[in-house]
Every structure is written in C-alpha cells, then in structure tokens.
Amino acid sequence: MRAAIDYLLHLADNALVLGQRNAEWCGHGPILEEDIALSNVSLDLIGQARLLYQLVARLKGGNTSEDKLAYFRDAHQFRNYTLLELPHHGPLSGYAHSSMDYGTTIVRNFLYSALMALLWEALEKSADAELAAIAAKSLKEVRYHLRHSRDWLVRLGDGTDESHARAQAAVDHLFPYTAEFWADSPAEEAAIKAGVGVDLQTLKADWNAIVDAAFAEATLQRPTVAGYVPEGKLGRHSEHLGFLLAEMQSLARAHPNGNW
Amino acid sequence: MYTQSFNVPDSPGGKPVPLAPSLEDPVLQAAFDARIDADGRIEPQDWMPEAYRKTLIRQISQHAHSEIVGMLPEGNWISRAPSLKRKAILIAKVQDEGGHGLYLYSAAETLGTSRDQMLEGLHSGRAKYSSIFNYPTLTWADVGVIGWLVDGAAIMNQIPLCRCSYGPYARAMVRVCKEESFHQRQGYEALLEMMTGTEEQKAMVQDAVNRWWWKCLAMFGPPDADSPNSAQGMRWGIKRVSNDELRQKFVDATVPQAKVLGVTLPDRDLKWNEERQHHDYGAIDWDEFWATVNGNGPCNKERLATRVKAHNEGQWVRDAALAHARKQQERKMKEAA
C-alpha cells in the first residue's frame, strides 16, 4: 500500500508541477494559437494530477484530499522529476529572473511527453485497476502533447539560425536532467514488485528511438550526459521548486480553513 | 470576454464623434438598406458601405483585443488558485477568452483586414479595448466577481449582437455568449462557496464587489444622450439595444443575485422605483471612466506593455515556424523536380 502511494505521488507531482509551469504561458504565448495549446496541455496535466491525488486520498483515508496533498506538503515531500520544476529559461540560480524562453518549454515538454507516452501505455496493464484507468485517459492526452512538442521541436531546430541555437541551448540545458528517468528509487522498485508500476529500463530503448529520430529531423545534437543525476523523485530538488510551491500554495495556506 | 457597448474611435483622441454621411453608389446602397430593413444578414462577399465595413472592423477588432487583454487580469491568479478544481476552471476560462479572440480576429479578417494589422493597431496604442481590463485583480475574490459581474454585463451587451446584421460576427457571438454565460455561473458559484467560508473570505468577496460594481455599470458606455454613434449603429443593425436600457437591465438582474449571495452593492441611491418598475441607481463617475479609456487608468500601461512583450519575445518562434514551412516547401519542390 505504502509503495503504491509513493509511486502515485511521484506520478501526480510530475503532472501538477509541469501543469503549473506550462500555465505560466497563459496570456503570454508567442502566438495566440500556442497560448491556447499550452493552456490545454496544462489543463490535461492538472486533470491527471487531480485523479492521481484523489486515488492517493482514497488509499490514505482520513481527511486527506487532493488539495491537502497539493497545497499542504513542502518541497522535500514532492516526488516530481527535477526537470519539470525548472523555470522556462536557461540555467540560473533560484532567485534569478529571466524572460521565458519557448525553446526551453518545448524541449522539456517533448522529453517528458516522449517518456509518458510510453509509460502511460505500459501502465494501462497495471495491477491497480484505478491506475490503469487513469493511464488509459492520460495516454490519449499525452499523445497530443508529444505530437505538439515534437512538431515545434522540429520547427525550432530546423527553422532559423536563432531558433536552432535556442533549441540546441535548451537541449544542452535540459537533457542531463533526463538521467533521473533511469535512476532507481525505492518507490518505483516497490511499485514494480507489486505489479503496480513499470520498470522504466524496459522503456529506455523506445524513448531513445523517439528522441533520436526527432533530434535528427530537427537537426539537433544529443549531448552526452555524465556526472550529476538529479534526485527530485527522492524529494531532493533544485532551488526552483521552493519558489514554485511558495507561489502556488500561498493563498490556500493563508486561509487553511477556507471554502473554495 | 467583452467589448464596450459603443464604438470608441481608435485615435488617441477619445470621445466618440459622429460618422461622416455616406457617399456610396445609390443602387447598391438601396439594396443594402433593404436587406438591413428586412432584418437580413450581410455576408463577407456582399457589397456594403465603406463606413459600415470600417465600423465593423473597428468594433470586432476592439472586441477581439478585449478578449486577449482580458486574459491578463484573471491570468494573474492562475498560479495561486486556492484549489486544483478552481485552478482548472480558471485556466479553462482564460483559455476560452483566447478562443473568443481567435474567432473574432477571424471574423474581422472577413472584412479585409489581417490579424497582423489589427495587432499592430493594439500594440501601437491606437486601437482600443474594453477599459474594464485596466483595473487590477487584487484578491482571489476578484476572479469570482469578474465572472459574476463583468461577464454578466458582457452577456447583457453581447446577446443582442447574436442578431447583428453582419453574419460572421453574429455567428461568432452565438458561441461566445454560450461560454460567457457558463463563466458567469462559474464566477457566481465560486463566490457562493466563499460566502460559506471564513469571515476573511466573506470580507474578500464584499471588497471585490465594492471595487468592481461601478466599473461594471460604466462598461455599458456613456448615457444614450452622449452616444453620437448609437443611432447609426442601430440603423445598421450592429447595435440593437441602447446603453441605458442595457445598464438598467443589468442593475435589475443583479440586485436580487447580490441579496442571495449576501453582499451589498456600494450605492446609497440604489432602490426599487415602484413607478418605473425598475431600480434607481446613483451617478456614474464618467470623468474617471474617460480617463481610463484614454490611457490613464491604473493598469493601462501594464496591460499594453505585457501584450507587446509577449508579441516581441515570440517573434523568433513565429519566424522559425515560417522558415521551417518554407524549407519544407522547397524540399517538396526539389523532390518533385
């Protein structure tokens, strides 16, 4: 039971944190159609997070609720990939500011959607029937997200000199964070053993194939990855998650007894 | 979300001025007039007087700009929405406003303008948008009050536009009105929920109502006596109901809703008039309204600069899409050769 909860929280936190990030584009997109598209992706992700948190709340019982899980846990209790909490720009310290870069947004959505298109498909066969149902719904959504981000990755990579340089910089910045996809974690191991979760190692070759084909079409170079392996799914995050949560949780925490 | 119920000239000047009389082909003009008199629809391929075309381009593009600028005050609360359900509702709502902007830009394009031209008008400060979006959203309750009152006022204005004489605009408004009416109920429901909560939450709702009430009344535009273009708009079937009639309808509809919600409306002169069978209400501060329309409200500069920033910083993305499309085309042509 405990194993399933931690695994579900990892999946839910991924969806919520990336949903929160993508919603930052609402009203600020590079073109109206993209504003609408990114808001849609964000809505799908928040919808996935809600279903997963609701499932966790049922498993935990008591007065746990989707909002308690989203708004009243601290950064070290979040189990999302570090990749997903990074701001929409290149590498900068937590309290540094910069304009949002669409290249960073697109590359991240592509790297994550490519993984989730495989993972949700595999999770359709999860021993947990409720998770399998959430996976079936999420799979339909993530296939659109993958198509959207892949199309834009190719446009940016094979567009102008400037867009190519920006897309390559985003790839160089973000790609190392994908090392976390393949690292072991106790929550995943336990979930795999229980038949609830999926061993990502079994998806790695397919993910590589999706990424390499898209990079080739986009004329982008895949960087070699060595050294630091992020540990967001173990609760050890970047400097950025604290700021994301401080903003997201501020109102709910200011009125803990409020009705919304 | 909303366009002012009158047509503000897109010059930096300000108050409306009467339109010049038309000097058009009398035969075509007579056929056009007959169609309007028979309550028929004008379609993009039909002949229309130049002044009608210009008025519509201005009104529809102002409406589209209002939708796009209107994404900003509510978008301000997406990241801090107090529950996941409310966050999802708010994103969907702001996204709907973007969608309205998209249909309206498309409807205006059928009159022979382009989205780039319209955006240039907005970004240079020449084109107007609804002044209501030049006020700040200070608390979460503003999100609910904008849904209830601002969208409520917008619906009053926009339902008659579903019968507008210009076909593409009228058809766009049918869908826009359905979504706006949903937004209004969502906003009201969010406030009802807050009013079951803590004292702080109730105070937050009352404060937001106090700040938005008069702005919403002004949204219907100047009194009929001061609306020189209204008569021409009525003649053309672009405007169907006068500013004052719409405003009265809004006040009468809102008073009982405020009672159910448990808030007061900030107007000491607001009372039922048995003789008129309507509510009387106090005097609107038109000087403040015109100052805001003419660029000197609390958020005009911030709203416009935010739109310009998004557009400028998105230039490289749009350029990349065009460059890639051109490359694809060239490759196809090479393969075919």
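Just so it is clear, the values below take in all heavy atoms, side chains as well, and ignore hydrogens, waters and symmetry mates. Order of the sequence lines fixes the chain letters, A, B, ..., with proteins taken first and strands second; residue numbering starts at 1 for each chain. These figures come from a predicted structure and were not determined experimentally.
When each of Thr139(B), Leu192(B), Thr196(B) is scored by its heavy-atom pairs under 4.5 Å with chain A, the top score falls to Thr196(B). Top candidate by heavy-atom pairs under 4.5 Å with chain B, chosen from Leu251(A), Asp158(A), Asp67(A), is Asp158(A). Note: Val154(A) leads Asp35(A), Val154(A), Asp151(A) in heavy-atom pairs under 4.5 Å with chain B. No other option in Leu322(B), Ile78(B), Leu84(B) has as many heavy-atom pairs under 4.5 Å with chain A as Leu84(B). Ranked by heavy-atom pairs under 4.5 Å with chain A, the list Ala92(B), Ala190(B), Gly99(B), Ala320(B) is led by Ala320(B). Of all the listed residues (Gln315(B), Arg307(B), Glu193(B)), the one sharing the greatest number of non-hydrogen pairs under 4.5 Å with chain A is Glu193(B). In terms of heavy-atom pairs under 4.5 Å with chain B, the best-connected choice from Arg166(A), Glu33(A), Met100(A), Gln20(A) is Arg166(A). Of the listed residues (Ala254(A), Ser39(A), Gly103(A)), the one with the most heavy-atom contacts under 4.5 Å to chain B is Ser39(A). The greatest number of non-hydrogen atom pairs below 4.5 Å with chain B, out of Glu34(A), Glu66(A), Arg155(A), is found for Arg155(A). In terms of heavy-atom pairs under 4.5 Å with chain B, the best-connected choice from His255(A), His28(A), Arg50(A), His164(A) is Arg50(A).
Here the side chain of Asn259(A) pairs no donor or acceptor atom with the backbone of Thr198(B) at under 3.5 angstrom. Panel note: side chain Lys87(B), backbone Ile46(A); no donor-acceptor pair is recorded below 3.5 Å. No donor-acceptor pair closer than 3.5 Å links the side chain of Arg80(B) to the backbone N or O of Gln249(A).
Proximity to chain A (any heavy atom under 4.5 Å) is shown, for Arg326(B), by neither the backbone nor the side chain.
Interface with chain B: from residues 69-82 of chain A, residues Ala70(A), Tyr71(A) qualify, criterion being any non-hydrogen pair under 4.5 Å. Scanning residues 328-337 of chain B against chain A with a 4.5 Å non-hydrogen threshold yields Arg331(B), sorted by number.
No salt bridge links Arg318(B) with Glu162(A); every basic N to acidic carboxylate O contact stays at or beyond 4.0 Å.
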